[in-house]
Number of protein chains: 2
Amino acid sequence: MKASSETSIPLETAVTELSLAIGQLLRRLRAESNPDGLTWSQTVALARLEKAGPTTTADLARAESVKPQSMGATLAELEREGLVKRHPHPTDGRQVLFALTAEGVEARRKRNAAKQKWLLAAMAKLDPDERRVLLSATALIKRLAEAD
Amino acid sequence: MKASSETSIPLETAVTELSLAIGQLLRRLRAESNPDGLTWSQTVALARLEKAGPTTTADLARAESVKPQSMGATLAELEREGLVKRHPHPTDGRQVLFALTAEGVEARRKRNAAKQKWLLAAMAKLDPDERRVLLSATALIKRLAEAD
DNA sequence: TATTGTTATACTCTATAACTATA
DNA sequence: TATAGTTATAGAGTATAACAATA
């Protein structure tokens, strides 16, 4: 497994295969996920709020490559369910900071665990080396998603 | 880069990070894709028909983890646009085989190239080693998506 | 003027349920 | 009966456009 055997594949093909593969896995994840509980976009928003702390609609939208209106709809639904709470921005009256409530933290912990049960089981069947490749790839995928 | 430094991360965390990362990249791909042209699900269906040849609605649906009705809607739209054509199954009168038309082959080649321009550029900025990791990961992601 | 967020509206993707035709 | 596909309907996710409030 030294090197150039894989570099011979054209980059165009690799790019196509990668995007098809991630689409395929994401649909599988949706299909396997618990129908009760959080939707995909709600899960993502909660996870990001948990990692980043209080965040504005616009920042969340940028991070996930959606329009502020789309993220606003997701946050409004989470607020209606009591999982996030809005706080005024200390210096800018236009901005609104969203933060997890205690209920939101708990909901995320519990429901998210159920949601990813399937992927956890599938990963457990891989070799340790294969898991390491996926782990390295995760960081690269994030870098690609956040590249200029 | 031998081994166990990365195995110390809990599998739960790795799984969460992976699914968030692929969601993030898929949304970025959608946001960057040409608004004219094929939608994501149409692109996927055409790509699969090109690779597999004539295929039934049910088989396509299974491969992409969607219900036959959902895949049927995508195929009906592609048929309306003249990119795929339906053919009777030779022995089973219930089944319908879908295949690309010449126009479909051309549309896929041309529009798909434009659609993935952004990812191609982003991948080109990675190190060769990093591209190799992503290439290996692509196969693993497909295996996960197709696992039992 | 530029930015943040909201409201209104529409399109895509997918699901479930009920139906027809064929095996 | 069981399977392949269609039609009808609904919900989630996203987009664009038009607006209000604040910087």
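For the pair E32(A) CD and dA15(C) P, the interatomic distance rounds to 12 Å; values are reported in whole Å. The CG atom of L78(A) sits 12 Å away from the P atom of dA12(D) (whole-angstrom rounding). Distance E77(A) CD to dG11(D) P: 12 Å, rounded to the nearest Å. Atom CG in L75(A) sits about 12 Å away from atom P in dG13(D), given to the nearest Å. Taking atom CZ of residue F98(A) and atom C1' of nucleotide dT6(C), one finds them 11 Å apart after rounding to whole Å. Going from atom CG of L29(B) over to atom C1' of dT14(D) covers 16 Å, rounded to whole Å.
The nearest heavy atom of DNA chain C to V96(A) and to R30(A) marks one nucleotide each, and the one closer to the 5' end goes with V96(A). For the pair A58(A) and A31(A), both in contact range of DNA chain C, the more 5′-proximal nearest nucleotide belongs to A58(A). If R94(A) and Q95(B) are placed on DNA chain D by their nearest nucleotide, the residue sitting closer to the 5' end is Q95(B).
Checked by atom type and distance alone, the side chain of T56(A) never pairs as donor or acceptor with a backbone atom of V96(A) at under 3.5 Å. In this structure, the side chain of S70(A) does not engage the main chain of V66(A) through any donor-acceptor pair within 3.5 Å. Between the R131(B) side chain and the M123(B) main chain, a donor and an acceptor come within less than 3.5 Å of each other. A donor-acceptor pair is defined here as one N or O able to donate and one able to accept, closer than 3.5 Å; such a pair exists between the side chain of T55(B) and the backbone of G53(B). Side chain of D127(A) to main chain of D129(A): no donor-acceptor pair is present (N/O by atom type, distance under 3.5 Å, no hydrogens or angles). Checked by atom type and distance alone, the side chain of K142(A) never pairs as donor or acceptor with a backbone atom of E17(B) at under 3.5 Å.
For E77(B), the salt bridge (Lys or Arg N to Asp or Glu O under 4.0 Å) criterion is met by R80(B), not counting sequence neighbours. Residues satisfying the salt bridge (Lys or Arg N to Asp or Glu O under 4.0 Å) test with E103(B), not counting sequence neighbours, are none. Every residue meeting the salt bridge (Lys or Arg N to Asp or Glu O under 4.0 Å) condition with E130(A), not counting sequence neighbours, appears here in chain and number order: R143(B). Under the rule for a side-chain contact (heavy atoms from CB on, under 4.5 Å), the partners of R28(B) that lie at least two apart in sequence or sit in another chain are S65(A), E32(B), W118(B). For E81(A), there are no side chain to side chain donor-acceptor pair (under 3.5 Å) partners two or more places apart in sequence or in a different chain. With sequence neighbours excluded, the residues satisfying side-chain contact (heavy atoms from CB on, under 4.5 Å) with R108(A) are L46(A), A47(A), E50(A), N112(A), T16(B). Applying the side-chain contact (heavy atoms from CB on, under 4.5 Å) criterion to T39(A), with sequence neighbours excluded, gives S41(A), Q42(A).
Under a 4.0 Å N-O distance rule, the pair R86(B)/E79(B) qualifies as a salt bridge.
Contact check, S70(B) against dA15(C): a side-chain N or O comes under 4.0 Å of OP1 or OP2. The side chain of T39(B) contributes an N or O atom lying less than 4.0 Å from OP1 or OP2 of dC13(C).
Residues of residues 60-69 of chain A having a heavy atom closer than 4.0 Å to DNA chain C, listed by number: Q69(A). Across residues 41-55 of chain A, S41(A) each have a non-hydrogen atom less than 4.0 Å from an atom of DNA chain D (numbered order). For the contact set between residues 17-28 of chain A and DNA chain C, defined by any heavy atom under 4.0 Å, the members are R27(A). Scanning residues 79-93 of chain B for heavy-atom distances under 4.0 Å to DNA chain D yields R86(B).
Stem regions for DNA chain D, each three or more consecutive Watson-Crick or G-U pairs with both distances under 3.5 Å and listed by first number, read C:1-23 with D:1-23.
The heavy-atom pair separating A14(A) from L135(B) by the smallest distance is CB-CD1, 3.5 Å. The minimum heavy-atom distance between S136(B) and V133(A), with the atom names listed, is CB-CG1, 3.8 Å.
Around the NZ atom of K125(B), the shell of radius 6.0 Å holds more than 12 heavy atoms that belong to other residues, nucleotides or ligands.
Comparing atom distances between the T56(B) side chain and each of dG5(D), dA2(D), dT4(C) picks out dG5(D) as nearest. Nearest nucleotide to the side chain of A73(A), out of dT14(C), dA2(D), dT14(D): dT14(D).
T57(B) comes within 4.0 angstrom of the backbone, heavy atoms only, and of no base.
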